[in-house]
Asks: 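Dumping the structure here so I can ask a few things about it.
Side chains included, hydrogens not; waters and symmetry mates left out as well; all remaining heavy atoms used.
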Amino acid sequence: MTRLAGKVALVTGGARGIGRAVCEAYAAAGAQVAVADLLEEDARTTAGALGGQGMAVAMDVTDLASIAAGVAAVEAVWGSIDILVNNAGIFNMASIDKVTVEDYRRQYDVNVGGTIFAIQAVVPGMKKRGGGAIINFASQAGRRGEPNIVLYCSTKAAVISVTQSLALELAGDNIRVNAIAPGVIDTPMWDVVDAQFAEYENKPKGQKKREVGEAVPLGRMGDPKDVADPCVFLASGEARYITAQTLNVDGGNWMS
């Protein structure tokens, strides 16, 4: 209950799935948690479940004004932000002949730009506060190529690179920057992924999801809580000497 006591966390994409699990885990560890999301009603529901430790923040991570307004709202209530979790992300499959400029821009704007500019917005406050912890969400897809997923894989590889570069840039300010690379996690997003695989691989809906779970060395898809607990660790004082790292949380799918 005290690992994150006295800390203020902002979690983008915090309304559902992994983001909600992170918000719940942070609140359980004692933090005040701002649930930032485009899905305002879901964000309010998640924040409400956290009691007095939660607040909902409307945020579009592709809009710098929206990011700035969200950060300002949190600072107005709780002061500077100690922990930023960049969880907001989108996924779309497309073979190379079907990749569009619009989809390219959207995935990079959310997955990469959203990460960079949310960091940009919180860093001044972290510097004044004497440090902070930033956790970005990459993916096992950023560790390796996968057919028909060139945009998503490349955005998540970029998140790993962003994590390394900004960790070095901000180390002197006592701001640690790490990432988590989840494997296949059973969230609403994976139902969307499964439906797209069904189209591209000509499989019944649900088959791909079952196959990827069975292929994990630990024998199952991950639960959002399996990711949230390491996210608490990376934000805590226990990880005080860890920065520029990307932690694989994937049941053994990728070894590095």
Side-chain angles (χ1 to χ4, degrees), residues 1-37 43 45-57 59 70-71 73-75 77-88 115 118-119 121-123 125-138 159 163 166-167 170-183 185 187 218 222-251:
M1 291 294 295
T2 61
R3 294 172 78 186
L4 301 180
K7 302 297 185 181
V8 174
L10 172 65
V11 181
T12 71
R16 301 192 303 178
I18 291 174
R20 175 165 181 152
V22 170
C23 291
E24 292 171 343
Y26 276 14
Q32 305 285 353
V33 184
V35 183
D37 212 296
T45 299
T46 297
L50 306 180
Q53 291 175 253
M55 68 175 288
V57 177
M59 185 179 291
V71 169
V74 177
E75 292 177 339
V77 175
W78 288 327
S80 296
I81 293 164
D82 303 291
I83 302 162
L84 169 66
V85 178
N86 283 306
N87 172 68
T115 296
I119 293 173
V122 303
V123 159
M126 287 184 174
K127 287 182 177 180
K128 290 179 182 177
R129 196 118 162 177
I134 297 169
I135 298 99
N136 301 323
F137 268 82
V159 169
T163 298
L166 290 181
L170 298 172
D173 296 297
N174 193 33
I175 299 172
R176 297 182 298 103
V177 187
N178 291 293
I180 288 178
I185 310 299
T187 66
L218 286 182
D223 183 274
K225 293 181 180 179
D226 295 328
V227 182
D229 288 342
C231 205
V232 171
F233 165 71
L234 287 175
S236 75
E238 296 164 19
R240 59 191 172 275
Y241 201 56
I242 299 174
T243 197
Q245 305 305 306
T246 298
L247 177 64
N248 301 328
V249 183
D250 59 14

Asks: I need the minimum non-hydrogen distance between Thr46 and Gly14, along with the two atoms involved.
Replies: CG2-O, 3.8 Å
Asks: Of all the heavy-atom pairs spanning Leu50 and Ala27, show the shortest one and how long it is.
Replies: CD2-CB, 3.9 Å
Asks: Looking only at atom types and distance, does a side-chain atom of Asn174 sit under 3.5 Å from a main-chain N or O of Gly130, one as donor and one as acceptor?
Replies: yes
Asks: Give a yes or no on whether the backbone of Ala31 and the side-chain of Gln53 come within a donor-acceptor separation of less than 3.5 Å.
Replies: yes
Asks: Taking the side chain as every heavy atom from C-beta outward, state whether Lys127 and Ile175 have any atom pair closer than 4.5 Å.
Replies: yes
Asks: Any idea which heavy atoms bring Arg20 and Thr45 closest together, and the distance?
Replies: NH1-CG2, 4.2 Å
Asks: Quick one: does Thr163's side chain have a donor or acceptor within less than 3.5 Å of a partner on Ala244's backbone?
Replies: no
Asks: Are the side chain of Thr243 and the backbone of Val177 linked by a donor-acceptor contact shorter than 3.5 Å?
Replies: yes
Asks: Looking at Asp223 and Lys225, would you say the former's side chain and the latter's main chain have a donor-acceptor pair under 3.5 Å?
Replies: yes
Asks: Val123 vs Asp173, test: side-chain contact (heavy atoms from CB on, under 4.5 Å). Steps then yes/no.
Replies: CA-CA 9 Å; Val123 159; Asp173 296 297; 6.0 Å; no
Asks: Can you see which heavy atom on Ala34 is nearest to which on Val57, and at what distance?
Replies: CB-CG2, 4.0 Å
Asks: Roughly how far apart are Ile18 CD1 and Asp226 CG, rounded to 0.5 Å?
Replies: 9.5 Å
Asks: For the CZ atom on Arg176, are there more than 12 heavy atoms of other groups (residues, nucleotides or ligands in this structure) within a distance under 6.0 Å?
Replies: yes
Asks: For Ile242, check side chain to side chain contact (heavy atoms under 4.5 Å, CB included) against everything at least two apart and list the hits.
Replies: Asn178, Phe233, Leu234, Ala239, Gln245
Asks: Compare every heavy atom of Asn86 with every heavy atom of Thr115, then report the nearest pair and how far apart it is.
Replies: O-ND2, 3.6 Å
Asks: Suppose we screen for salt bridge (charged side-chain N to carboxylate O under 4.0 Å, His left out). Which residues come up paired with Arg129, at least two apart in sequence or across chains?
Replies: Asp82
Asks: To check you understand the geometry: which heavy-atom pair defines the closest contact between Thr246 and Ala138, and what is its length?
Replies: CG2-CB, 4.5 Å
Asks: Do side-chain atoms of Tyr26 reach the backbone of Cys231 as a donor and acceptor pair under 3.5 angstrom?
Replies: yes
Asks: Report yes if some heavy atom in the side chain of Val22 is under 4.5 Å from a heavy atom in the side chain of Ile135; otherwise report no.
Replies: no
Asks: Got Val85 and Phe137 here, is their nearest side-chain heavy-atom distance under 4.5 Å?
Replies: yes
Asks: Could you tell me if the side chain of Ser80 sits less than 4.5 Å from the side chain of Val8, heavy atoms only?
Replies: no
Asks: Once side chain to side chain donor-acceptor pair (under 3.5 Å) is applied, do any residues pair with Asp37, and if so which ones, sequence neighbours excluded?
Replies: none
Asks: Taking the side chain as everything from C-beta on, heavy atoms only, tell me whether Ile134 gets closer than 4.5 Å to Met126.
Replies: yes
Asks: Can you find a heavy atom in the side chain of Glu24 that is under 4.5 Å from one in the side chain of Val33?
Replies: no
Asks: Backbone N or O of Ala179 within a donor-acceptor pair of the Asn136 side chain at under 3.5 Å?
Replies: no
